[in-house]
Amino acid sequence: MELTREEESALKGEQGEIMQMAYRILVATGEAVDAEKLVPIEWAHLSGVNYNTIGDAGEEFLSSISKNARVKVKTTLNPMGFDIDNVENYNLDKNFISKQLSIKNSYETMGVTPSFSCIPYEIFDIPKEGTQVAFAESNAAIHANSYDNLKTNKESAFSALASAITGKSPYSSLRKDDTPNITIRMKVKNPNELTYGMLGFFAGKVGDTSVNISGLGEMDKRQCKAMCGGMGTSGTCAKFLFGDGDANCEKVDFDEKEMQNIHDELNTSEKGDLITLGSPQLGLEEISDLVGKLKGRSFTKRCMIFCPRTVKEQARKIGYTNELERAGCEILSDCCTCLTPLITKNDIDAVTTNSIKGAFYLKNSNGVDVNLKSLSQIIEDETN
Amino acid sequence: MKILVKGKAEGIVVKSNMPINFLGTVDKNTGIISDKNHELFNKSIKNSILVFPSGVGSSVGAYTIYSIKSNNTAPIAMICQKADLTVASGCALSNIPLVIVSDKEFASFQNGQRISLDTEFDNPISIIQ
């Protein structure tokens with residue numbers, strides 16, 4: 001990869017240890033994606049915020065670099081381990097709370113906007129078409145490239161951090177006109193958000209850096225989010241294009257059988273002890289839809305709803321929050337279903353969710369079983 | 001062959017033909033794979049030369065690589081078939097040598113082989129036994 005004189009000097013350590021580390025990461029990732037150079041970015045979105053996921057090593061690393069590191073561009077970040085407003089209700093251990101607060105503090109010291117959300121594309125204004133960004137959150141990177149006309153690699157936690165600090169990112173093929181070599185043909189009739197999540201999970205497994213998806217018909221915002229979440233969980237894909245692709249493109253069907261296979265892989269329980277909604281976090285439209293579906297009904301078991309803080313505030317103003325609380329929901333911001341320390345296998349055997357991403361991480365990281373079903377089915381089965 | 005993170009190591013190959021999602025499926029303290037559906041389920045990657053197609057899934061997997069390195073439960077080197085940013089950046093920050101090999105070279109590695117890797121050499125990988 002070609003570096004400018006200034007970038008070379010930073011890599012040699014002439015601009016301090018932080019810059020040297022950042023450029024070392026950018027060079028390794030640049031080589032990984034065959035980038036010929038670095039390009040300026042206007043927005044970085046960081047992952048690696050939840051103490052559950054980054055651990056002591058991560059907390060110490062961030063605490064150490066935050067003494068000197070400052071972000072150069074607009075930088076937002078992913079959910080953390082709890083909602084700061086109601087953390088005391090969840091019996092989390094003191095060590096967890098203090099380490100999580102240290103991580104929060106380190107990011108804020110570096111100049112990061114404390115958004116604590118995995119859906120930056122829903123809560124911030126989208127820059128003009130073609131803007132280069134560096135999004136580490138996998139669903140957000142796919143959403144940015146496929147839906148928002150932005151350009152990003154599927155960054156890692158460290159490459160996005162290095163991009164935030166330097167304002168640059170590797171110029172990979174994904175940032176240019178990437179052409180997928182595979183097309184997934186959607187063959188499942190009457191899909192709901194869960195189907196789209198499974199389609200994404202399947203496409204992520206068979207795709208490379210990008211995939212074509214055909215046969216989708218009209219897809220709403222929630223279905224798109226579900227697909228991006230599923231795709232980001234299973235693979236390396238960072239973009240999908242609508243359509244069949246060219247004649248040489250390999251074609252793979254996503255049919256009832258494939259869908260059943262994905263369902264069998266992720267669904268490990270016939271019922272859940274509690275319900276979680278939101279991984280990726282819910283936006284205002286989904287909350288509005290949920291309120292509409294509830295129509296005065298109440299959940300018969302605990303239901304945790306994860307949304308960004310800004311969405312929770314909007315929902316409160318509109319009156320949705322009251323309605324959800326009436327129906328027995330707990331509304332949490334700053335955190336998300338995925339990898340949450342609020343759900344542990346000591347207390348819970350199984351969780352019901354409509355989120356593919358949430359299901360994968362709850363099962364593999366938290367060790368709880370998962371009962372996977374669509375939101376409509378959840379409301380039918382779990383409310384009265 | 002492409003060198004993403006320089007270094008040298010000698011050790012035993014632990015190979016998987018399945019990609020690895022480091023976040024949530026690799027135990028930070030022990031380096032043991034906890035995903036029941038994974039080929040390396042219940043196996044440790046600690047002190048191995050880990051051979052696998054590529055990293056997949058969450059971008060936070062890079063922190064898992066940094067954590068296992070800090071906890072002394074990381075592989076001493078990694079060899080992949082495909083480069084991905086999560087593994088590249090995690091190895092770059094943690095100084096774990098990382099090499100990308102061709103499909104043919106990848107297929108030739110066997111579990112339990114002892115190999116040495118030195119990115120300073122023209123042929124970085126040699127099989128000892």
Side-chain angles (χ1 to χ4, degrees), chain A residues 21 24-34 46-50 52-58 60-62 78 135-138 141 153-162 170 172 204-205 208-209 232-238 265-266 268 338-339 357 360-367, chain B residues 2-7 18-29 33-38 41 53-74 78 80-100 119:
Chain A
M21 174 199 75
R24 199 171 81 225
I25 291 167
L26 291 180
V27 168
T29 53
E31 294 292 340
V33 294
D34 291 322
L46 307 181
S47 61
V49 190
N50 190 339
N52 240 13
T53 62
I54 70 168
D56 289 325
E60 285 158 24
F61 167 74
L62 290 169
N78 251 7
F135 281 7
E137 162 57 34
S138 57
N153 299 315
K154 190 183 176 219
E155 305 288 352
S156 87
F158 292 141
S159 71
L161 181 61
S172 65
K205 279 188 175 190
D208 191 2
T209 50
T233 304
S234 62
T236 51
C237 262
E265 179 183 339
L266 294 170
T268 54
C338 170
L339 290 150
K357 180 174 181 174
F360 181 87
Y361 288 108
L362 281 168
K363 183 158 83 78
N364 286 297
S365 196
N366 295 20
Chain B
K2 191 154 115 180
I3 294 151
L4 296 189
V5 181
K6 290 181 197 161
M18 286 168 80
I20 298 177
N21 183 341
F22 279 86
L23 179 65
T25 69
V26 177
D27 186 292
K28 289 196 283 278
N29 298 314
I33 308 275
S34 63
D35 178 357
K36 286 198 182 92
N37 295 314
H38 201 275
F41 175 58
S54 73
V56 288
S58 174
S59 62
V60 189
Y63 271 96
T64 306
I65 294 174
Y66 181 73
S67 289
I68 53 178
K69 176 72 177 185
S70 302
N71 294 334
N72 295 316
T73 52
M78 298 195 200
C80 292
Q81 195 172 11
K82 243 171 47 181
D84 72 277
L85 271 73
T86 296
V87 173
S89 65
C91 287
L93 187 64
S94 316
N95 285 314
I96 297 171
L98 171 65
V99 174
I100 307 301
T119 58

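Residue numbering restarts at 1 for every chain, and letters A, B, ... go by the order of the sequence lines.
Using a 4.5 Å cut-off between heavy atoms, A:Glu60 makes no contact with chain B at all. Proximity to chain B (any heavy atom under 4.5 Å) is restricted, for A:Asn52, to the backbone atoms N, CA, C and O. Using a 4.5 Å cut-off between heavy atoms, A:Lys205 does not touch chain B at all. Heavy atoms closer than 4.5 Å to chain A are found nowhere in B:Ile100, neither backbone nor side chain. Neither the backbone nor the side chain of A:Leu266 comes within less than 4.5 Å of any heavy atom of chain B. If you measure heavy-atom distances from B:Ser59 to chain A, the contacts under 4.5 Å come from both the backbone and the side chain. Within the 4.5 angstrom heavy-atom criterion, atoms from both the backbone and the side chain of A:Thr53 approach chain B. Using a 4.5 Å cut-off between heavy atoms, B:Lys82 touches chain A through its side chain atoms alone. Heavy atoms closer than 4.5 Å to chain A are found in the side chain of B:Asn21, but not in its backbone.
No other option in A:Ser138, A:Ser172, A:Gly58 has as many heavy-atom pairs under 4.5 Å with chain B as A:Gly58. Among B:Cys91, B:Ser70, B:Ser67, the residue making the largest number of heavy-atom pairs under 4.5 Å with chain A is B:Ser67. Heavy-atom pairs under 4.5 Å with chain B were tallied for A:Ile54, A:Ile25, A:Thr29; the largest tally goes to A:Ile54. Of the listed residues B:Ser34, B:Pro19, B:Gly24, B:Ala83, the one with more heavy-atom pairs under 4.5 angstrom with chain A than any other is B:Gly24. Note: B:Leu4 leads B:Ile68, B:Leu4, B:Val5 in heavy-atom pairs under 4.5 Å with chain A. With chain B as partner, the option from A:Asp56, A:Asp34, A:Leu26 having the largest number of non-hydrogen pairs under 4.5 angstrom is A:Asp34.
Atoms CD and CG, on A:Glu31 and B:Leu98 in that order, are 11.5 Å from each other to the nearest 0.5 Å. Separating the CE atom in A:Met21 from the CG atom in A:Leu161 is a distance of 6.0 Å, to the nearest 0.5 Å. Between the CG atom of B:Asn71 and the CG atom of B:Asn29 there is a distance of 5.5 Å, given to the nearest 0.5 Å. B:Tyr66 contributes atom OH, which lies 6.0 Å from atom CG of B:Leu93 (distance to the nearest 0.5 angstrom). Summarising the geometry, atom NZ belonging to B:Lys69 is positioned 5.5 Å from atom CD1 belonging to B:Ile96; distances are rounded to the nearest 0.5 Å.
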Step-by-step side-chain hydrogen bond (donor to acceptor under 3.5 Å, both in side chains) determination, A:Ser156 to B:Ser89: CA-CA 7 Å; A:Ser156 87; B:Ser89 65; 2.4 Å; yes
Test log, rule side chain to side chain contact (heavy atoms under 4.5 Å, CB included), inputs A:Ser365 and B:Leu23: CA-CA 8 Å; A:Ser365 196; B:Leu23 179 65; 5.7 Å; no
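Within a 6.0 Å sphere centred on NZ of B:Lys36, other residues, nucleotides and ligands contribute 12 heavy atoms or fewer.
Under the 3.5 Å distance criterion, with hydrogens and angles disregarded, no donor-acceptor pair is assigned to the side chains of B:Asp84 and A:Thr236.
Note: A:Phe61 and B:Tyr63 have perpendicular aromatic rings, judged against thresholds of 30 and 60 degrees for the angle between ring planes.
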